[in-house]
Amino acid sequence: MDGGDSCAPAKQVSFTIKKIKNTLIDIQILDTPIDNEACIDFVNHAEAGGNVVFVGTVRAQTKGKKVLKLEFESYQPMAIKEMRKIAEQVMEKWNALAVSFHHRVGVLDIGEVAVTIAVSTPHRKAAFEACEYAIDTLKETVPIWKKEFFEDGEVWVAAHP
Amino acid sequence: MDGGDSCAPAKQVSFTIKKIKNTLIDIQILDTPIDNEACIDFVNHAEAGGNVVFVGTVRAQTKGKKVLKLEFESYQPMAIKEMRKIAEQVMEKWNALAVSFHHRVGVLDIGEVAVTIAVSTPHRKAAFEACEYAIDTLKETVPIWKKEFFEDGEVWVAAHP
Amino acid sequence: MKIKITAFGIAKDILKTNSLALEITNVSTIGELKDHLCQEYPDFKKLQKISFAVNEEYQTDDFSLGENDEVIVIPPVSGG
Amino acid sequence: MKIKITAFGIAKDILKTNSLALEITNVSTIGELKDHLCQEYPDFKKLQKISFAVNEEYQTDDFSLGENDEVIVIPPVSGG
């Protein structure tokens with residue numbers, strides 16, 4: 001709060017984003033390709049005994065039927081909120097050090113990354129459990145919808161029994 | 001085997017390495033930084049329901065003692081062989097589509113990647129199980145040794161009861 | 001009571017729009033709204049499940065709707 | 001019988017070399033070699049476990065050593 005002195009040397013301010021409690025969670029919904037390495041990088045932590053990453057890619061077929069491409073639609077504000085809930089559960093239940101959770105929307109080609117979830121924990125077993133919980137729960141609660149395009153039409157996945 | 005015709009247009013030879021059965025396993029021991037994305041890329045497969053990646057990084061402390069750096073030594077030909085055995089078990093037992101298994105040797109700093117294991121399977125649950133099996137088994141059978149450097153000395157990890 | 005319906009995925013296809021202003025009578029809860037929509041748009045009955053959100057949160061059947069609420073129709077999700 | 005010993009990790013520190021030519025008598029198996037080494041280098045007894053490999057494969061105690069075999073001394077591994 002002092003007036004400052006423009007002649008004094010600039011203070012060196014070192015700032016490590018990961019040390020701030022509420023930035024240990026990184027949730028993103030992207031309409032551009034997912035950068036797996038950014039997720040892995042985000043969860044890198046000096047105390048991590050293991051980092052587990054789930055990468056979901058677009059499959060070339062569904063029940064033997066050739067898929068041409070895929071489209072994801074999301075109800076974005078709520079999708080972010082639900083992804084954050086999952087990440088918070090992961091932080092709490094498995095003592096995760098950090099969670100990065102990116103989901104793609106828009107049109108995707110075969111082999112492209114649809115979702116990447118990275119979790120770091122002090123002990124590796126927890127990272128496997130937590131990461132699996134995250135992807136399983138995403139598929140149940142997060143308002144994102146997948147439409148598959150076939151040669152003879154298109155269909156919203158999981159919409160029909 | 002014909003003599004060829006230098007005036008004929010060059011034949012387009014398209015070659016997808018992943019289609020060759022015995023290249024579905026990628027084992028590497030490296031004295032340069034591990035490229036996680038190369039591992040993830042290797043296992044990307046049109047039939048994959050899930051890709052799970054384990055990334056092991058160097059921790060800043062062991063039992064509360066500050067670690068300065070780490071050194072890995074391997075008995076390389078046998079380490080490669082044992083890593084291959086694990087990858088083959090993963091291919092067989094979990095019907096993996098591809099396995100990439102990179103281990104670093106030499107001197108590593110805190111936070112650097114020591115090992116990356118990527119597994120793709122038709123159904124995602126199997127990928128979690130297979131990847132966890134791979135890292136657990138690596139720590140039991142693969143002849144690689146870790147030396148931790150502290151401020152007051154160095155020690156071969158797991159060498160003493 | 002006036003509410004706004006916003007739909008995603010196949011619900012959008014069934015309603016033939018992604019947004020709909022609705023004047024409802026005899027409907028005061030999410031459960032009653034669900035019944036109403038299933039009556040007006042029978043294709044909703046073919047879905048495995050249909051959920052509703054208000055204020056960016058899932059709400060149960062007994063949730064009381066208020067004037068000008070925005071109700072999101074959420075067909076079975078399929079992310080990942 | 002003449003064999004060659006190659007050691008890694010702490011085994012190298014105990015032997016004070018990573019490679020050793022050994023002339024052995026009354027030692028014809030891995031098990032007997034292990035006993036011999038533990039006698040000559042008592043620090044091996046402090047290890048949690050000690051394994052041996054010949055031909056790039058782990059071998060059990062009853063493995064018969066042959067002339068000029070290269071035996072790898074494998075202390076507890078700690079990769080990953």
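Keep in mind that what you see is a predicted model, and the values were worked out from it rather than measured. Protein chains get the first letters and strands the later ones, always in sequence-line order, with residue 1 at the start of each.
Annotation: side chain of B:Met78 is not in contact with side chain of B:Val142 (no heavy-atom distance under 4.5 Å).
Between B:Val43 and B:Ala98, the shortest heavy-atom contact is CG1-O, 3.5 Å. Nearest approach of A:Ala114 to A:Ile34, heavy atoms of both residues: O-CD1, 3.5 Å.
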Donor and acceptor N/O pairs, chain A versus chain B, under 3.5 angstrom:
from: A:Asn36; atom 1: ND2; to: B:Glu37; atom 2: OE1; distance (Å): 3.4
from: A:Asn36; atom 1: ND2; to: B:Glu37; atom 2: OE2; distance (Å): 3.2
from: A:Glu37; atom 1: OE1; to: B:Asn36; atom 2: ND2; distance (Å): 3.4
from: A:Glu37; atom 1: OE2; to: B:Asn36; atom 2: ND2; distance (Å): 3.3
from: A:Asn44; atom 1: ND2; to: B:Gly111; atom 2: O; distance (Å): 3.1
from: A:Ala46; atom 1: O; to: B:Ala60; atom 2: N; distance (Å): 2.8
from: A:Glu47; atom 1: OE1; to: B:Gln61; atom 2: NE2; distance (Å): 2.8
from: A:Asn51; atom 1: N; to: B:Val55; atom 2: O; distance (Å): 3.1
from: A:Asn51; atom 1: O; to: B:Val55; atom 2: N; distance (Å): 2.8
from: A:Asn51; atom 1: ND2; to: B:Val55; atom 2: O; distance (Å): 2.7
from: A:Asn51; atom 1: ND2; to: B:Thr57; atom 2: OG1; distance (Å): 3.3
from: A:Val53; atom 1: N; to: B:Val53; atom 2: O; distance (Å): 2.8
from: A:Val53; atom 1: O; to: B:Val53; atom 2: N; distance (Å): 2.8
from: A:Val55; atom 1: N; to: B:Asn51; atom 2: O; distance (Å): 2.8
from: A:Val55; atom 1: O; to: B:Asn51; atom 2: N; distance (Å): 3.1
from: A:Val55; atom 1: O; to: B:Asn51; atom 2: ND2; distance (Å): 2.7
from: A:Thr57; atom 1: OG1; to: B:Asn51; atom 2: ND2; distance (Å): 3.3
from: A:Arg59; atom 1: NH1; to: B:Pro122; atom 2: O; distance (Å): 3.4
from: A:Ala60; atom 1: N; to: B:Ala46; atom 2: O; distance (Å): 2.8
from: A:Gln61; atom 1: NE2; to: B:Glu47; atom 2: OE1; distance (Å): 2.8
from: A:Gly111; atom 1: O; to: B:Asn44; atom 2: ND2; distance (Å): 3.1
from: A:Pro122; atom 1: O; to: B:Arg59; atom 2: NH1; distance (Å): 3.3
from: A:Arg124; atom 1: NE; to: B:Asp136; atom 2: OD1; distance (Å): 3.1
from: A:Arg124; atom 1: NH2; to: B:Asp136; atom 2: OD1; distance (Å): 2.6
from: A:Lys125; atom 1: NZ; to: B:Glu132; atom 2: OE2; distance (Å): 2.8
from: A:Glu132; atom 1: OE2; to: B:Lys125; atom 2: NZ; distance (Å): 2.8
from: A:Asp136; atom 1: OD1; to: B:Arg124; atom 2: NE; distance (Å): 3.1
from: A:Asp136; atom 1: OD1; to: B:Arg124; atom 2: NH2; distance (Å): 2.6

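Under the ring pair (Phe, Tyr, Trp, His ring centres under 6.0 Å) criterion, A:Phe54 pairs with B:Phe128, not counting sequence neighbours.
Counting heavy-atom pairs closer than 4.5 Å to chain B, the top-ranked of the candidates A:Ala118, A:Ala48, A:Pro122, A:Ala127 is A:Ala48. Comparing A:Val53, A:Val52, A:Ile117 by heavy-atom pairs within less than 4.5 Å of chain B, the highest count is held by A:Val53. Per-residue heavy-atom pair counts under 4.5 Å with chain B were compared for A:Ile40, A:Val58, A:Val113, A:Val115, and the maximum is reached by A:Ile40.
Of the inter-residue distances, the one linking A:Phe42 atom CZ with A:Leu24 atom CG reads 6.0 Å to the nearest 0.5 angstrom. How far CZ of B:Phe149 is from CG of B:Leu108: 11.0 Å, rounded to the nearest 0.5 Å.
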Between A:Val90 and A:Phe101, does the side-chain contact (heavy atoms from CB on, under 4.5 Å) criterion hold? Intermediate values first, please. CA-CA 11 Å; A:Val90 159; A:Phe101 208 151; over 6 Å; no
